[in-house]
Protein chains: 2
Amino acid sequence: MDSKKDIRIVDIARMAGVSIGTVDRVIHKRGRVSEESLKKVNAVLSMVNYSPNIFARSLVSKKNYKVVALIPQHSTDDYWMYISEGLERASEEAKSSGIAFERLYFNQYDRASFEKSIERLLTLDVDGVIIANFFSSEVVRISKALDVRNIPYVYIDANIEDQNPLAYFGTHSYDSGAVAARIISGRIGQKEDILIAKMFHNSKELSNQVLSRQKGFLDYIERSAFAGKIYYADLKIDAHIRNFEALDKIFDEQTGHSIRAAITFNSTCHVLANYLKVRDRKLTYLVGYDLIEKNKVLLKEGYIDLLIGQRPELQGYRALKVITDKLLLNLQSEKINYMPIDLLIKENIDYYQNL
Amino acid sequence: MDSKKDIRIVDIARMAGVSIGTVDRVIHKRGRVSEESLKKVNAVLSMVNYSPNIFARSLVSKKNYKVVALIPQHSTDDYWMYISEGLERASEEAKSSGIAFERLYFNQYDRASFEKSIERLLTLDVDGVIIANFFSSEVVRISKALDVRNIPYVYIDANIEDQNPLAYFGTHSYDSGAVAARIISGRIGQKEDILIAKMFHNSKELSNQVLSRQKGFLDYIERSAFAGKIYYADLKIDAHIRNFEALDKIFDEQTGHSIRAAITFNSTCHVLANYLKVRDRKLTYLVGYDLIEKNKVLLKEGYIDLLIGQRPELQGYRALKVITDKLLLNLQSEKINYMPIDLLIKENIDYYQNL
DNA sequence: AAAAATAGTGTGTTCGATAACACACTTAAA
DNA sequence: TTTAAGTGTGTTATCGAACACACTATTTTT
């Protein structure tokens, strides 16, 4: 265990009776080694537990790796901004080891823009790729291309079976929906009602992430003793007036309802919370996702009761970390990595750490 | 921002018009530098942003630091074991940089044993210390001794004002009590009762940690609309039969009670949960602290409803990390560091990550 | 006045891995 | 037979920081 006894290349060379140049060629598979030398060196290598001194290596190595992340365009205070922050932090740490990190943005609602990013990526000379998995068939395509070139890649957000990413980082959306359901059903009566607010972006379909959370939620509710009704509000991003009308309609006109809890399965809980704040309506329990600033403020003010966090920064950080560990140290990692499902309320949000 | 443009000692030497040896002497304050050279080098140093290449440094440096942690003896599956794991992990990472890490154990219920550990510590030639802050006046004493010797130290678990630790890592016990209160009071009726189980260790007093959690809990309850009663159960560690009797007494003999929720403010929630399991009594909500195995099992089985976690591993990890960052890179860090207050239920415990 | 100590400075070596380079051979083509 | 290309091997400069050491110039001690 003594770190001073670490075996060096020169030790191996001596043991094998060859020069350090030969050992180096064997280790790095650079060829130009005779059968005989190869055998001798490999024999020694299989005996001893050699791992290169990373300090010496990084010192000399002028090797520059380029890692590219394919992520959706995002605004500030957005789930993807937090992922991006995690990437940034990992990138800072790896910079001194010769890792250049770059982002390629695409429009998450436009498949064509994703394809364009892929094309661009393939023209770049990259050594590692992080892919936000929005368009599965395209991701499969690029994965195969990367497999051929032997370039490691990592998926974030969603996984795809039967591919060979170095790792996958994401959240277990289904179970996080179940978590929300468990908590809400503990807070309201069995015959009270629940409102699910769906936020649409330019009338496109909901993301898999959101659908999966909702499924986990509904499945749990179904199995439970819940006997109330579930109402749905279809909201549109940035359609302030229209959204208020839609919500008014549900709360005013739906006769006989007793909505006591509400949930949104994406980060737009603040829209609903803001509606309740403005209209001065009280619910027993309002649940949302993602610790974006707008949500945090409303949580602290008491208009949101629970936020479910998924550590986007950690996701980004670890995604890049896995690639740099692979490139620099040839380390393996866990294949499937789910982020924690964090529960944040007014009283513990100040202690939250996203990394 | 370009990592290749990092300034080296030779650059500084050239800029100052002296040799690298002189720059080195200035940087390391090793003396033997003329007024004139000193001024020239310092002028350059204040212009540029020099930070040594850690790879080159670690490669050449045979400097060995010794860091010692003063922590209480603990069994497996104990809060302090998890802190210890965090320390271990940080120690592994730092080993290759010449950091030797060692633990000194004391009996957390015996002041004299702590004093003895301090004495031992002072005989060792250490470069950094981590102190589990159990006995304040003794900790103040050793802190002053370390200040004199200019040895950095970090507090964990509890802080002391007016001292100069490099950093403090701990949990905000009071607020975590409030978190528990908020959640429990949301789950039971205003006139239902709460049981607080206190677990004593060899009839000694409760720890500050536990008292502070309880205070946070009670203060919140007081301010809330809660109108039920609070019962207390005084339990003794390992006194199985006696504990059952005490609990039987509360649940059976206290007439007219309606205890629906219970809480323990230390990691022994499993004792209470096990009692409820064996006696087949149902509560609406049982809350405990610390993600030790016994608690986790009972949470998954549904006998515990909520566990509050404080990331002991992270605490240990970061405590040592702060010291190694100081010793190796002379980095500063945040002074006061509270760990997150994690809320774990059956549905999200599988995704918990303690680091 | 000579010898010894000290201040101030620069040079050279070390750490371990890497890869360019030099050199000795072999084989194939001209 | 000469030339060119290719193979296998060992030697060596390099990365940047650290520090031992050698050297000169000055001061202090005998």
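In what follows, every chain begins at residue 1, and chains take the letters A, B, ... in the order their sequences are listed. Here the structure is a predicted model, which is why all the values come from computation and not from measurement.
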What's the CG-P distance between Asp6(B) and dG16(D), to the nearest Å? 9 Å
Rounded to whole angstrom units, what separation is found between the CD1 atom of Ile54(B) and the P atom of dA18(D)? 12 Å
All salt bridge (charged side-chain N to carboxylate O under 4.0 Å, His left out) counterparts of Arg32(A), not counting sequence neighbours: none
Any protein N or O atoms within reach of nucleotides 11-15 of chain D? Criterion: under 3.5 Å, listing atom names and distances.
from    : atom 1 : to       : atom 2 : distance (Å)
dC15(D) : O2     : Val60(A) : N      : 3.4

Less than 4.5 Å apart, side chain to side chain, heavy atoms only: is that true for Lys66(B) and Asp125(B)? no
Are Leu70(B) and Ile118(B) close enough that some pair of their side-chain heavy atoms sits under 4.5 Å apart? yes
Under the salt bridge (charged side-chain N to carboxylate O under 4.0 Å, His left out) test, which residues partner Arg318(B), sequence neighbours left out? none
Just checking Val10(B): base, sugar-phosphate only, or nothing, at a heavy-atom cut-off of under 4.0 Å? nothing
Between His74(B) and Tyr79(B), is the ring centre distance below 6.0 Å? no
Considering all heavy atoms, the nearest Ala167(A)-Val322(A) contact: CB-CG1, 4.1 Å
Does the side chain of Ser58(B) come under 3.5 Å of the side chain of Ser61(B) through a donor N or O and an acceptor N or O? no
For a ring pair (Phe, Tyr, Trp, His ring centres under 6.0 Å) check, start with the C-alpha distance between Phe134(B) and Phe106(B), then their side-chain angles and the critical distance, and finish with the verdict. CA-CA 10 Å; Phe134(B) 275 80; Phe106(B) 62 88; 5.7 Å; yes
First-last contacting nucleotides on DNA chain C - partner chain A, under 4.0 angstrom, heavy atom: dG16(C) to dA19(C)
Does any part of the side chain of Thr324(A), heavy atoms only, come nearer than 4.5 Å to the side chain of Tyr65(A), both counted from C-beta? no
Starting from the first five and the last five pairs of the helix from dA1(C)-dT30(D) to dA30(C)-dT1(D), work out the angle between the resulting helix axes, to 10 degrees. 60°
Nucleic acid contacts of residues 31-47 of chain B, taken as heavy-atom distances under 4.0 Å to DNA chain C: Arg32(B), Val33(B), Ser34(B), Ser37(B)
Sidechain N-carboxylate O distance under 4.0 Å for Asp11(A), Arg8(A): yes
More than 12 non-hydrogen atoms from neighbouring residues, nucleotides or ligands closer than 6.0 Å to CD on Glu35(A), yes or no? no
Please find out if less than 6.0 Å separates the ring center of Tyr155(A) from that of Tyr168(A). no
